[in-house]
A.B. asks: 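One structure follows; several queries about it will come next.
These values consider heavy atoms only, across backbone and side chains, with no hydrogens, waters or symmetry-generated copies.
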Amino acid sequence: MLLFRAPTWLTAPALAWLTAHVEPVRVNFAAHSDPEVEEPREVCRDTLAEARRLGVSAPRLEAAEPNFAP
């Protein structure tokens, strides 16, 4: 929990060093920034479907629907 309270001046260089020197961290960050990965699209589709099923308004997700629609 201390990491979540660490100041930016400390965490930014630490994350920069980790992404430059630790392969699993670099792969993890790269996977999260890849626009062609299917998993985030599935999460968005499922979330929007559940919101519609429950009658919850999700205007931003609905506006982004063309980006993740099948």
A.B. asks: Looking only at heavy atoms, what is the nearest atom pair of Phe68 and Arg45, with distance?
C.D. replies: O-NH1, 2.5 Å

A.B. asks: With sequence neighbours left out, write down each residue that passes side chain to side chain donor-acceptor pair (under 3.5 Å) with Arg52, or none if nothing qualifies.
C.D. replies: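 Once residues adjacent in sequence are excluded, the partners of Arg52 under the side chain to side chain donor-acceptor pair (under 3.5 Å) criterion are Glu65.
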
A.B. asks: I'd like to know if Val27 and Val22 are part of one continuous hydrophobic network [Ile/Leu/Val/Met/Phe/Trp/Tyr, side-chain heavy atoms within less than 4.5 Å].
C.D. replies: no

A.B. asks: Report yes if the side chains of Leu18 and Phe29 come closer than 4.5 Å at any heavy-atom pair, otherwise no.
C.D. replies: no

A.B. asks: For Glu23, check salt bridge (charged side-chain N to carboxylate O under 4.0 Å, His left out) against everything at least two apart and list the hits.
C.D. replies: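 Listed in chain order: Arg26.
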
A.B. asks: Please list, chain by chain and in numerical order, all residues satisfying side chain to side chain donor-acceptor pair (under 3.5 Å) with Glu50, sequence neighbours excluded.
C.D. replies: Arg53

A.B. asks: Return the set of residues passing salt bridge (charged side-chain N to carboxylate O under 4.0 Å, His left out) with Glu42 (not counting sequence neighbours), or none when no residue passes.
C.D. replies: none

A.B. asks: Looking at every heavy atom in both Pro13 and Thr8, which two are closest together, and how far apart are they?
C.D. replies: CD-O, 4.0 Å

A.B. asks: Other hydrophobic cluster members with Val56, side-chain heavy atoms of Ile/Leu/Val/Met/Phe/Trp/Tyr under 4.5 Å, chained?
C.D. replies: Leu54

A.B. asks: With Glu62, which residues qualify under side chain to side chain donor-acceptor pair (under 3.5 Å), at least two apart?
C.D. replies: none

